[in-house]
Amino acid sequence: MTTSISTPRVLTGDTPTGRLHLGHYVGSIQNRLAMQETHDCFFLVANMHAFTTRAESPADIRQDTLEIVKDWIACGIDPERSCVVLQTEVPAIAELTWFFAMLLPFNRVMKNPTLKTEISAKGLGDQYSFGFPMYAVGQCADILAFRPESIPVGEDQVAHIEMCREVARRFNQIYCGVDSHCEDDQHEALGGVFPVPKAMVGKTGRLVGTDGEQKMSKSLNNAIYLTDTPKQVKKKINAMYPGQSREPDEPGDPEINPVFHYAEVFLNDEELLHDLKRRYLRGDNLGDGHVKAHVIDAVNELLDPIRERRAALEGAEGDKKVTEIIREGTARANRVAEETLARAKEAMGLSFFTRTLA
Ligand code: TRP
């Protein structure tokens, strides 16, 4: 693993909830692949967060943890260059979470719109665990433990990142004497322990599901998974409603056709895309099946190498390989996070003695 001091750091992560789908790919993974080229990347498996709503299913969470890392590696996350981090083995995150919880008003956390959306989407009512809203505070610690410059995320995470930025500013102001009027990008230069990191929302923040209406998501049963076979991809896309009912020689509106939304995202051939749109608008002998066939090809072309790398990680042997990747990444992550924690404690007047654990 190579690191240079000047390479800016980024951190992002996923809660392991099952296999990744195309929405994850275009909303976030693609962005991460690009960032590997230019940044020192930390990719966190937020397995602790999985317990906030599934505490009674530890075996599933364990499986999902390995599966998500397999998906990442299959997509091209390169453990030689990037750090794969297991949240539950980075104790500094849990410690920072406590300190940060004291810097956020309770009602500020409870008004976090992403939490509210999740509570209603998951039908949690008022039955969620204490740990559920706590995860948003924990996420501030996930991020700040690594003092990253930015956080590549989907747009649904922006509210969490905003909270993280507030925590960083408040910590630096209270414990490091950073002036409350200082610019966000000046915090570290002025003695703050934490940078005020920025959210970087991917090119396609939101990919519509195969229902053509809602965001692609596992729970809505409208997802195309990275591990779907070519046949499954074909079946799912062919079953999509093109947003309107028309004949091949009738003009159509690509804007309201979710298959065209996929064409925009997945067709690499700009000329072909342009041509399809033009013919669709005119009703120039272009059936919906034809558009779908192009999209199916493009999606399968994207997924082929992913499927191949994923197949090499199946089974117990794959579990072993992936566990080793996680172990190495987490070891390096702990070196960074422990240093952050030591600096934070120093700033808080908590450096009574150096901690040495047996
Ligand atoms: N909450 C994020 C999600 O559900 C996952 C996550 C946990 C995360 N910790 C993070 C994302 C830190 C970015 C940074 O997708």
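Below, all heavy atoms of this structure are taken into account, side chains as well, without hydrogens, waters or symmetry copies. Each ligand, and each atom within it, is numbered from 1 in the order the structure gives. All residue numbers refer to positions in the sequence shown, counting from 1.
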Looking at E183, I want to see if its CD is surrounded by more than 12 non-hydrogen atoms of other residues, nucleotides or ligands under 6.0 Å.
no

Does a salt bridge link D71 with R19, judged by any charged N lying under 4.0 Å from a carboxylate O?
no

Which ligand 1 atoms, with their elements, are less than 4.0 angstrom from a heavy-atom of L44?
9 (N)

Using a 4.0 Å cutoff against the non-hydrogen atoms of Q157, which atoms of ligand 1 qualify?
1 (N), 2 (C), 3 (C), 4 (O), 15 (O)

In ligand 1, which numbered atoms sit nearer than 4.0 Å to a non-hydrogen atom of L11?
12 (C), 14 (C)

Checking Q173 against S180 for the side chain to side chain donor-acceptor pair (under 3.5 Å) test, could you report, in this order, the C-alpha distance in whole Å, the side-chain angles of both residues, the deciding distance, and whether it holds?
CA-CA 6 Å; Q173 285 159 11; S180 61; 5.3 Å; no

Using a heavy-atom cut-off of under 4.0 Å, does the side chain or the backbone of I161 touch ligand 1, or both, or neither?
neither

Going through the checks in order, is the side chain to side chain donor-acceptor pair (under 3.5 Å) test met by S219 and S217?
CA-CA 6 Å; S219 55; S217 117; 3.1 Å; yes

In ligand 1, the atoms that come under 4.0 Å of a heavy atom of T15 are 3 (C), 4 (O), 5 (C)

Sub-4.0 Å atoms of ligand 1 with respect to non-hydrogen atoms of A46:
7 (C)

Parallel, tilted or perpendicular: which fits the ring planes of F132 and Y135, with parallel below 30° and perpendicular above 60°?
perpendicular

Less than 3.5 Å between some nitrogen or oxygen of Y135 and one of ligand 1, yes or no?
no

Sub-4.0 Å atoms of ligand 1 with respect to non-hydrogen atoms of I143:
12 (C), 14 (C)

Does E95, at its CD atom, have more than 12 non-hydrogen atoms belonging to other residues, nucleotides or ligands within less than 6.0 Å?
yes

